[in-house]
Amino acid sequence: MKILVCISHVPDTTSKINFSEGDTKFDTNGVQFVINPNDEFGLTRAMWFKEKQGAEVTVVNVGGPETEPTLRKALAIGADAAIRVNTAASDGFSVAKQLANVFKDGGYDLVIAGRESIDYNGGMVPGMIAGLINANFVNNCINLEVDGTSAKAVREIDGGKETVSTTLPLVIGGQKGLVEESDLRIPNMRGIMMARKKPLSVIEPIEASAETTSVKFEKPAPKGAVKLVSADNLDELVDLLHNEAKVI
Amino acid sequence: MSVLVYTESEQGAFKKVALEVASYAKTVADQLGTTVTAVTINVDNASELGNYGVDKVLNISNDQLQSFNANGYAEAIKQAAEKEAAKVVVISSSADSKYLAPLLAVGLNAGYASNVIEAPSSTSPFTVKRTAFTNKAFEISQINTDVKIIGVSNNSFGLVENTGSASAEDFSPSLSDLGVQVESVDKATDKVTIADADVVVSGGRGLKGPENWGMIEELADVLGAATACSKPVSDLGWRPHSEHVGQTGKPVASNLYIAIGISGAIQHLAGVNASKVKVVINTDEEAPFFKAADYGVVGDAFDVVPQLIEKIKAFKAQQ
């Protein structure tokens, strides 16, 4: 089985979010970039398929050379090869078109992507890849097993979970639960040394227009101070929630 | 050239978000000088939609679509959009709508903006405001395609009543193999879900153990709220993962979020920032959540919550 794992290069969760050039660009100054958390669960599940079922795992990303350390980290975790599509990621649709093209060229059986990235939160790339390559798609996936060309997946739904069956080729939008957080892997020294020798190929993008454009960014207005209510006077809290906040 | 809106339902009845997206679609249709057509799937009675600005309803009754299926639903909505020559398709930002939307976008070759929180600021160019960076910022996004898909963030636009009535028409999309089959569903049907809830009551490690969740459930019950939890609580197995809210859990966009014994790690705040009003109950007055909250009580949950339950019961009895 050939697995393609899509890796988004995103600001670390704790990063301060700032914008530059008249609030039209994300300011990367002082920001540390990491593998998108939802993708990390997917990558670890791919490692499970590699170790238990002999799958071959390629990681892919759409981005400039600055994203390569993130791909190298994925190689150090255990992926066999990496591909970088050499273009700045603009909107989700254009990224999906680039990734669908990589899929078509590589003869993959399974695409694992995170359900959404923690920067733009579009939540569209996995489903769009599936639509573009005409593959089955399971979103919010929290467990996946593959037997030959059949797959059984569990996905989270509002208030519970659902078990589904489908066939390859398959795209999943993965999230926490696909593996336990305690099973996420940190690259060790051997992995880091081996990653240097693994192939990281850079391919040029296909022509794919962006269907949406980021015009500007805004930050939320500063929040007022919390209104503290004494634990001995909860009538006041009820009154505030009813008369001031109007939520009960 | 109408605005098409997909109105979600469950067991034949509309979800609250259906009325919210209908209200949103009416606003967009007014901006564009056109009408609203709603698509319903296996709904018993769609007449209510007229009160929220819908002019025409396309009712789909189809056994293949009894369970939610992203591929089948996307295909049905696509065919409805083509029939109506819709230039704008409005959906919610529920988990189901976010699942089908990218498939629909590919089918219609449409730009898609999710988590949209306001009516378009302009329809030429078509510009919407959406949340990004896990609610730490907003993105003003321009959709460049001929057909546009807008995913409206839950509880962001509200309900806008209109006086009107909608004409109804049966619509039968042509569906092929759905690709993904549901084998089983494991869901507590009698509970308010986080996605649908106006109020969410959430517990953290400060509750000390799963045996103490009774008071969280009782407070939620009194308020008609959904229950939720922080990440450590689901990691410890005290509560199911489906209740975990935060960056790698479920996002919450309720009107009221009550956090009990949750310190407010940045990943947790990211998942709940879209809630309108946040109340924090915590013994530690230095807990970061107090900086993000609107109202706070510094105190022991085991003292405060039972009292709060009684106060709210008394308040409800007076109403």
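Both backbone and side-chain heavy atoms feed into the values below; hydrogens, waters and symmetry mates do not. In the text below, chain A, chain B and the rest are named by the order of the sequence lines, each starting its count at 1.
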Engineer: Against chain A, work out which of B:K316, B:Q307, B:K129, B:E139 has the most heavy-atom pairs shorter than 4.5 Å and name it.
Structural biologist: B:E139
Engineer: Kindly determine whether B:F68 and B:Y73 satisfy ring pair (Phe, Tyr, Trp, His ring centres under 6.0 Å), including the steps that lead there.
Structural biologist: CA-CA 7 Å; B:F68 173 77; B:Y73 276 47; 5.0 Å; yes
Engineer: A:N38 and B:T248: side-chain hydrogen bond (donor to acceptor under 3.5 Å, both in side chains), yes or no, with the steps?
Structural biologist: CA-CA 7 Å; A:N38 288 314; B:T248 53; over 6 Å; no
Engineer: Against chain A, label B:F315 side chain, backbone, both or neither, depending on which of its atoms sit under 4.5 Å from a heavy atom there.
Structural biologist: side chain
Engineer: Chain A heavy atoms under 4.5 Å from B:A293: which part of the residue, side chain, backbone, both or neither?
Structural biologist: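 Contact with chain A is through both the backbone and side chain of B:A293.
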Engineer: Against chain A, label B:K276 side chain, backbone, both or neither, depending on which of its atoms sit under 4.5 Å from a heavy atom there.
Structural biologist: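 For B:K276, no heavy atom lies under 4.5 Å from chain A.
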Engineer: Counting only non-hydrogen atoms closer than 4.5 Å, does B:Q319 touch chain A with its backbone (N, CA, C, O), its side chain (CB onward), both, or neither?
Structural biologist: side chain
Engineer: Decide, yes or no, whether a salt bridge links B:D96 with A:R155 under the criterion of side-chain N to carboxylate O below 4.0 Å.
Structural biologist: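 Looking at B:D96 and A:R155, the cut-off is met.
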Engineer: What heavy-atom pair brings A:P11 and A:V31 nearest, and what distance separates the two atoms?
Structural biologist: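 In terms of heavy atoms, the two residues are closest at CB-CG1, 3.6 Å.
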Engineer: I need the residue from B:Q142, B:K187, B:K136 with the largest number of non-hydrogen atom pairs under 4.5 Å to chain A.
Structural biologist: B:Q142
Engineer: Side chains of A:T166 and B:Q181: donor-acceptor distance under 3.5 Å anywhere?
Structural biologist: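 No.
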Engineer: Determine, step by step, whether A:F19 and B:F133 satisfy the ring pair (Phe, Tyr, Trp, His ring centres under 6.0 Å) criterion, reporting the C-alpha distance in whole Å, the side-chain angles of both residues, the deciding distance to 0.1 Å, and the verdict.
Structural biologist: CA-CA 12 Å; A:F19 302 101; B:F133 296 95; 5.8 Å; yes
Engineer: Is it the backbone or the side chain of B:A105 that comes under 4.5 Å from a heavy atom of chain A, or both, or neither?
Structural biologist: both
Engineer: If you count heavy-atom pairs under 4.5 Å with chain A, which of B:R130, B:E243, B:K291, B:K191 comes out on top?
Structural biologist: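 Option with the greatest count: B:R130.
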Engineer: Between A:L237, A:I248, A:V164, A:N136, which has the largest tally of heavy atom pairs under 4.5 Å with chain B?
Structural biologist: A:V164
Engineer: I'd like to know which of B:S254, B:G179, B:S242 tops the heavy-atom pair count under 4.5 Å against chain A.
Structural biologist: B:G179
Engineer: Report yes or no: is the cationic atom of A:K176 (NZ for Lys, CZ for Arg) under 6.0 Å from the centre of the six-membered ring of A:F41, at an angle within 45° of the ring normal?
Structural biologist: no
Engineer: Taking A:K161 first and then A:E156, would you say they form a salt bridge - that is, a charged N and a carboxylate O separated by under 4.0 Å?
Structural biologist: no
Engineer: Quick one: of A:D239, A:L170, A:L240, A:D232, who has the most non-hydrogen atom pairs under 4.5 Å with chain B?
Structural biologist: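 Winner by heavy-atom pair count: A:L240.
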Engineer: Using heavy-atom distances under 4.5 Å, tell me whether A:E116 contacts chain B through its side chain, its backbone, both, or neither.
Structural biologist: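 Interface part for A:E116: side chain.
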Engineer: Heavy-atom pairs under 4.5 Å with chain B: which of A:V226, A:I17, A:V10 has the most?
Structural biologist: A:V226
Engineer: Given the options A:R115, A:K152, A:K219, A:K223, which has more heavy-atom pairs under 4.5 Å with chain B than any of the others?
Structural biologist: A:K223
Engineer: What part of B:A110 is in contact with chain A, defined as an atom under 4.5 angstrom from a non-hydrogen atom: side chain, backbone, both or neither?
Structural biologist: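 Backbone of B:A110 only, per the 4.5 Å heavy-atom cut-off to chain A.
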Engineer: Centre of A:F93's six-membered ring, under 6.0 Å away, within 45 degrees of the axis: is that where NZ or CZ of A:K97 sits?
Structural biologist: yes
Engineer: Looking at A:V238, A:N140, A:N233, A:V125, which makes the most heavy-atom pairs under 4.5 Å with chain B?
Structural biologist: A:V238
Engineer: Quick one: which of A:A231, A:S165, A:G160, A:A153 has the most heavy-atom pairs under 4.5 Å with chain B, could you say?
Structural biologist: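 Of the candidates given, the most pairs with chain B belong to A:S165.
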Engineer: Examine whether an atom of B:N255 lies under 4.5 Å from a heavy atom of chain A, and if so say whether it belongs to the side chain, the backbone or both; otherwise answer neither.
Structural biologist: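 Both backbone and side chain.
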Engineer: Measure B:V280 against the heavy atoms of chain A and call it side chain, backbone, both or neither at under 4.5 Å.
Structural biologist: neither
Engineer: Would you mind checking which part of B:V277 comes under 4.5 Å of any heavy atom in chain A, side chain (CB onward), backbone (N, CA, C, O), both or neither?
Structural biologist: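 Contact with chain A involves the side chain of B:V277 alone.
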